[in-house]
Amino acid sequence: MDFGLSEEQEMIVKTVRGFVETEIYPHENEVERTGLVPPDLAAEIRRKCIDLGFYACNFPEEAGGAGLDHVTFTLVERELGRGSMALTVFFGRPSGILMACEGEQRERYLLPAVSGQKIDALAITEPDAGSDMRGMKCAARSDGSDFILNGTKHFISHADVADFIIVFAATGEEETSRGVKKKITAFLVDRGTPGFQILKGYDSVSHRGYHNCTLSFADCRIPASQVLGEVHRGFELANQWLYGTRLTVAATCVGRARRVFDMALSYAAERKQFGKPIGANQGVSFKLADMITEIDAAEWLTFSAAWRLDAGLTSDREIASAKLYASEMLARVTDEAIQIYGGMGLMDDLPLARFWRDARVERIWDGTSEIQRHIISRDLLRPLGA
Ligand SMILES: Cc1cc2nc3c(=O)[nH]c(=O)nc-3n(C[C@H](O)[C@H](O)[C@H](O)COP(=O)(O)OP(=O)(O)OC[C@H]3O[C@@H](n4cnc5c(N)ncnc54)[C@H](O)[C@@H]3O)c2cc1C
């Protein structure tokens, strides 16, 4: 196994980190203060990223993307994780599920998403259906060659800036060995479609400026040509494509933890109490030892899961372990960093309290820690018949 980076990967890491430090960091305080990203700033980030050739770098070249493999894309995500989520979203990583677009859907959704002309968002979660996707109530009934969509989605990230949303809805029921289950279908729904509203969501403690929205569908008519993948196969489609976002969460947690760690390390070496650097006390230095060990462990879990994807090996359990461990590691690292900074760690003058708040959501979205543990343990026990 080769643990080193290629020259190209080193260059990509350097470029993306430079981009985040020069184009993202200077705007973070203002976004944090106002909870808003000015549209001209969002457009500028997007344009610069397109010029750099990094927009949609998670997509294959045949679709117009940069064609990075999973390991290299994970490196990109790690570097983006250093910056504010509200700003780095405009760096542009459309949902991989768009690769399921067929025929004229490619021209209308896939290619504009990859070139940066359109932004997508993904809507699965509902007020009464979170971890249990099959419990969804949002339903689409067939009407001639159309579907009529009714229901509500909530917590939908960056739908406020999206041009179209990939919406999952129930399209029937089926008898299975484990009882009646909903059949689910994915739809491509344009902003502005009659009967479809994108409403302000909740104010969240994490990632200010990165908004979640509530979506409302009232007799919203969607032509069958806007079904993504096959009718009734949305659950399988989500399982096939959405693993990538869990790996993204793991990678961004590692990047953010490294930024926090660097701050804590410098402070431990500079801040003097009782006539010596606070880092000279084992009560502080051992925290740093634990932090870096956990960050490195999370990074290796993340890269080895990405490597397995590139090698075509099964990786559900490994991705779940990476997401679980990296998101829980980030919570511990941000908390300990604040402890090392003492009172100053809680003040808005530093970004530490922001990292600490931002860390909280990582254990919830894209599958909670409990759901990741469920995936991991099921993978271990199912072959034993348990
Ligand atoms: C800021 C934010 C942005 C989001 N963005 C999006 C988005 O863009 N698109 C989208 O579709 N969704 C999005 N989500 C939704 C997110 O994926 C869900 O919040 C998550 O899946 C959990 O669902 P829930 O919040 O309804 O919690 P619930 O599913 O109600 O869970 C509540 C608690 O019960 C536990 N629990 C549930 N079932 C089990 C079980 N079987 N075993 C053990 N414990 C269990 C959970 O782990 C959790 O602790 C976002 C959420 C947030 C907070």
Side-chain angles (χ1 to χ4, degrees), residues 1-6 9 12-13 16 57-60 65 67-82 93-97 99-100 122 124 130-133 235-258 261 290-333 359 361-386:
M1 212 172 177
D2 181 358
F3 291 99
L5 299 189
S6 68
Q9 287 171 328
I12 288 173
V13 167
V16 179
C57 58
N58 55 331
F59 274 70
L68 299 188
D69 58 26
H70 287 97
V71 168
T72 314
F73 178 56
T74 300
L75 286 165
V76 170
E77 287 290 359
R78 184 191 66 185
E79 296 310 315
L80 292 176
R82 289 175 169 266
R93 288 93 76 212
S95 176
I97 204 168
M99 282 305 290
L122 189 104
I124 297 175
S131 304
D132 179 15
M133 176 182 177
F235 188 75
E236 293 74 9
L237 195 69
N239 279 342
Q240 185 187 348
W241 289 104
L242 298 185
Y243 59 82
T245 51
R246 296 202 299 269
L247 200 54
T248 295
V249 173
T252 53
C253 287
V254 170
R256 205 165 310 131
R258 289 212 181 276
F261 178 79
D290 288 345
M291 288 157 82
I292 197 65
T293 304
E294 289 200 36
I295 295 170
D296 286 347
E299 182 161 285
W300 286 115
L301 276 176
T302 306
F303 285 126
S304 87
W307 175 84
R308 288 182 70 87
L309 278 174
D310 284 331
L313 300 170
T314 55
S315 47
D316 278 4
R317 173 165 66 80
E318 289 78 3
I319 291 174
S321 291
K323 199 271 181 185
L324 170 67
Y325 188 78
S327 58
E328 299 201 342
M329 170 280 291
L330 182 62
R332 289 188 290 270
V333 165
V361 76
E362 311 295 349
R363 287 181 278 160
I364 292 177
W365 62 12
D366 285 305
T368 62
S369 285
E370 290 75 22
I371 294 303
Q372 304 310 324
R373 287 189 168 89
H374 169 70
I375 295 169
I376 296 162
S377 54
R378 188 188 53 191
D379 185 74
L380 297 172
L381 288 164
R382 209 174 246 179
L384 305 180

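In this chain, numbering begins with 1 at the start of the sequence shown.
With no hydrogens or angles considered, no side-chain donor-acceptor pair links Asp290 and Thr293 at under 3.5 Å.
Residues Trp241 and Ser95 form no side-chain contact, since every pair of their non-hydrogen atoms from C-beta on lies 4.5 Å or further apart. Side-chain contact between His70 and Trp307 is absent, with no heavy-atom pair separated by less than 4.5 Å. Counting heavy atoms from C-beta outward, Phe3 and Trp300 have side chains that approach closer than 4.5 Å. Side-chain contact between Val71 and Leu309: absent, with no pair of heavy atoms (C-beta onward) separated by less than 4.5 Å. Ile295 is not listed as a side-chain neighbour of Arg256, based on a closest heavy-atom distance of 4.5 Å or more. Side-chain contact between Pro60 and Met99: present, with at least one pair of heavy atoms (C-beta onward) separated by less than 4.5 Å. Side chains of Asp296 and Arg258 form a contact here, defined as non-hydrogen atoms less than 4.5 Å apart. Residues Asp366 and Leu242 form no side-chain contact, since every pair of their non-hydrogen atoms from C-beta on lies 4.5 Å or further apart.
To the nearest 0.5 Å, atom CD1 of residue Ile319 and atom CD1 of residue Ile375 are 9.5 Å apart. One finds the OG atom of Ser327 at 7.0 Å from the CZ atom of Arg363 (value rounded to the nearest 0.5 Å). One finds the CD1 atom of Ile371 at 11.5 Å from the CD1 atom of Ile376 (value rounded to the nearest 0.5 Å). Separation of atoms CD1 (Ile97) and CD (Gln240) is listed at 8.5 Å; rounding is to 0.5 Å.
No donor-acceptor pair closer than 3.5 Å links the side chain of Asn58 to the backbone N or O of Phe73. Of the possible polar contacts, none joining the Glu299 side chain to the Glu294 backbone as a donor-acceptor pair under 3.5 Å is found. With hydrogens and angles ignored, the 3.5 Å screen pairs a side-chain donor or acceptor of Arg308 with a backbone N or O of Thr314. Judged purely by atom type and a 3.5 angstrom limit, Lys323 has no side-chain atom pairing as donor or acceptor with the backbone of Tyr243. Of the possible donor and acceptor atoms, none in the side chain of Gln9 sits under 3.5 Å from a partner among the backbone N and O of Leu75. Ser315 places no side-chain N or O within 3.5 Å of a backbone atom of Glu318 that could act as its donor or acceptor partner.
The side-chain tip of Arg332 points at the ring of Tyr325 from less than 6.0 angstrom away and within 45° of straight on.
The minimum heavy-atom distance between Val76 and Val16, with the atom names listed, is O-CG1, 4.0 Å. What you find for Met329 and Cys253 is that their closest heavy atoms are CE-O, 4.0 Å. Between Gly367 and Gln372 the shortest heavy-atom distance is O-NE2, 3.0 Å. Shown here for Ala257 and Val333, the closest heavy-atom pair between the two residues is O-CG1, 4.1 Å. Nearest approach of Leu301 to Ser321, heavy atoms of both residues: CD1-O, 4.0 Å.
A salt bridge links Glu77 and Arg93; the closest N-O separation between the charged side-chain nitrogens and carboxylate oxygens is under 4.0 Å. Look at Glu328 and Arg373 and you find a salt bridge, because one of the NZ, NE, NH1 or NH2 atoms lies within 4.0 Å of a carboxylate O, short of that distance.
For residues 376-385, the set of pairs meeting the side-chain hydrogen bond (donor to acceptor under 3.5 Å, both in side chains) definition, not counting sequence neighbours, comprises Arg317-Asp379.
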*Evaluate the criterion side-chain contact (heavy atoms from CB on, under 4.5 Å) for residue pair Asn239 and Met133; output intermediate values, then yes/no.*
CA-CA 11 Å; Asn239 279 342; Met133 176 182 177; over 6 Å; no

